[in-house]
*Asks:* 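This structure is in structure tokens; I'll ask about it shortly.
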Number of protein chains: 2
Amino acid sequence: MADINFKPSESTKLSANAPRGPLSTPLSATERAEIPFIELLYFAYRDFISDPDAELLSYGFGRAHHRIIHFVNRHPGIRVADLLDILKITKQSLGRVLKQLVDSGFIEQLPGPQDRRQRLLYPTEAGRALSLRLLDPQARRIGAALASLSPAERKGAEEFLRHIVDASERDKVARLIGK
Amino acid sequence: MADINFKPSESTKLSANAPRGPLSTPLSATERAEIPFIELLYFAYRDFISDPDAELLSYGFGRAHHRIIHFVNRHPGIRVADLLDILKITKQSLGRVLKQLVDSGFIEQLPGPQDRRQRLLYPTEAGRALSLRLLDPQARRIGAALASLSPAERKGAEEFLRHIVDASERDKVARLIGK
DNA sequence: AAAAATATGTCAACATGGCTGACATAAATT
DNA sequence: AATTTATGTCAGCCATGTTGACATATTTTT
């Protein structure tokens, strides 16, 4: 490995002591003003899911269970097909995790009244309780964040997130969220 | 299974035809005003990562590769320990994926000039190019979202995300983002 | 009534990317 | 000289995603 024999005056702080790499100039927000938002989304989401992740551990569940529990509680009687469309996963992936939730008594399946091929999904009392437990820390986190914003800023946060969603999915998401 | 023998007047649309489940009343934003934001974060993040996910497929890479490529390009010469602290994963998880990126010529490792135990990470030209390719669709998505907002609303979006981050991580994130 | 389409479930195999635990090595620090 | 630190590596486990093929019950169509 070649040693350092040339040390040009570096302009950036982070790479000041490392002018030997193939590329020592950082990708900066100067070039791409959107980078801070990209990274904020990453860090915010990383921490946003950390609370329920910890809670789920004590039940032996994971994020997949969380998503199912949440949307079944939000839409009791939801069809399997609609849940698949929300989660954008395969029925095999869903089936495995859903089965665990049914077996452990958090979700119940009932045949559809009109179409008896359907197995509509409902939360049990335990399922509702779990949903609320998982919801609580996230709601607190959101609430605290919103509390520090003006009404216009709050609207900005909401509109920003709505526009990050695929344009083709936006209406459906708006309907699901209930606005 | 008990049949329906009582059909109370339902107020919500979604559960109107399904009053037989253990719980047919939906968890609604009426009880928890933060629910729309919780779901918006979920849907926004789901779509936000879909563009790079598709792009990565053609390289045989996954999200783990994306994160490494991104932060190494943002901070050329970063130490392995610092990258681990950003990603919050174990060195074994990082090592496996990082090795693939080094072997395929997207990232180069160089010993630290002061402390030669360190293996500082730098992007190669190919690594920078890949980083920009992955960045592009996300930056466009963010840019389009921001374009629809007023300055105050933009500030709201940014502040909201900053506050979603763990309080204990907020300063570090601010430094990483460069503000 | 028979045929086709639909909603769902299931079996099997595989890939990614997390994890833990144990151990190795080289370099810096004490 | 002993210890600590930065990093790597081997081995195995787990969660959760994938594809493909096939089964079943029910509804719709012909």
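Just so it is clear: chains get the letters A, B, ... in the order the sequence lines come, proteins before strands, and each one is counted from 1. Bear in mind the structure is a predicted one, so any value in this text is a computation, not a measurement.
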*Asks:* Mind calculating the distance between NZ (A/Lys99) and P (C/dT10) to the nearest angstrom?
*Replies:*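 Those two atoms, NZ and P, are 7 Å apart.
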*Asks:* Could you check B/Leu176 against A/Phe43 for side chain to side chain contact (heavy atoms under 4.5 Å, CB included), going step by step and ending with a plain yes or no?
*Replies:* CA-CA 11 Å; B/Leu176 280 172; A/Phe43 289 117; 3.9 Å; yes
*Asks:* With sequence neighbours excluded, what pairs up with B/His65 under the ring-ring contact (aromatic ring centres under 6.0 Å, His included) test?
*Replies:* B/Phe61
*Asks:* For a quick check under 3.5 Å, do B/His70 and A/Glu39 share a side-chain donor-acceptor pair by atom type?
*Replies:* yes
*Asks:* Quick one: pull up CG in A/Leu134 and CZ in A/Arg63 and give me the separation to the nearest 0.5 Å.
*Replies:*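 A/Leu134 CG to A/Arg63 CZ: 13.0 Å, rounded to 0.5 Å.
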*Asks:* Tell me, do A/Arg141 and B/Asp166 make a side-chain contact under 4.5 Å, heavy atoms counted?
*Replies:*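 A side-chain contact under 4.5 Å exists here.
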*Asks:* Summarise protein proximity over nucleotides 11-22 of chain C in one line of letters, 5' to 3': B for base, S for sugar-phosphate only, - for none, counting protein heavy atoms closer than 4.0 Å.
*Replies:* B-----BBBBBB
*Asks:* Side-chain polar contacts of residues 143-152 of chain A - donor-acceptor pairs under 3.5 angstrom, sequence neighbours left out - could you list them?
*Replies:*
residue	atom	partner	partner atom	Å
A/Ser148	OG	A/Ala145	O	2.8
A/Ser150	OG	A/Glu153	N	3.2
A/Ser150	OG	A/Glu153	OE1	3.4

*Asks:* Which residues in residues 47-56 of chain A have at least one heavy atom lying under 4.0 Å from any atom of DNA chain C?
*Replies:*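 Heavy-atom contacts with DNA chain C come from no residue of residues 47-56 of chain A; none.
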*Asks:* Just wondering, more than 12 heavy atoms not from A/Lys99 lying within 6.0 Å of its NZ?
*Replies:* no
*Asks:* For the aromatic rings, using the six-membered ring if either is Trp, is the centroid distance between A/Phe160 and A/Phe37 under 6.0 Å?
*Replies:*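 Judged by ring-centre distance (under 6.0 Å), A/Phe160 and A/Phe37 do meet the cut-off.
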*Asks:* Look at atom CZ of A/Arg133 and say whether more than 12 heavy atoms of other residues, nucleotides or ligands are closer to it than 6.0 Å.
*Replies:* no
*Asks:* Distance check needed: D/dT5 P versus B/Asp82 CG, whole Å only.
*Replies:*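 B/Asp82 atom CG is separated from D/dT5 atom P by 16 Å.
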*Asks:* Using atom CD1 of A/Ile68 as one end and atom P of C/dT8 as the other, report the distance to the nearest whole Å.
*Replies:* 14 Å
*Asks:* Where along nucleotides 24-30 of chain D does protein come under 4.0 Å, by heavy atom, of base (B) or sugar-phosphate alone (S), with - for untouched nucleotides?
*Replies:* -BBS---
*Asks:* Could you give all pairs that pass the side-chain hydrogen bond (donor to acceptor under 3.5 Å, both in side chains) test and reach residues 40-49 of chain A, with sequence neighbours left out?
*Replies:*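 Qualifying pairs, neighbours excluded: A/Arg46-B/Glu169.
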*Asks:* Can you measure B/Leu120 atom CG to C/dA27 atom C1' for me and round it to whole angstrom units?
*Replies:* 14 Å
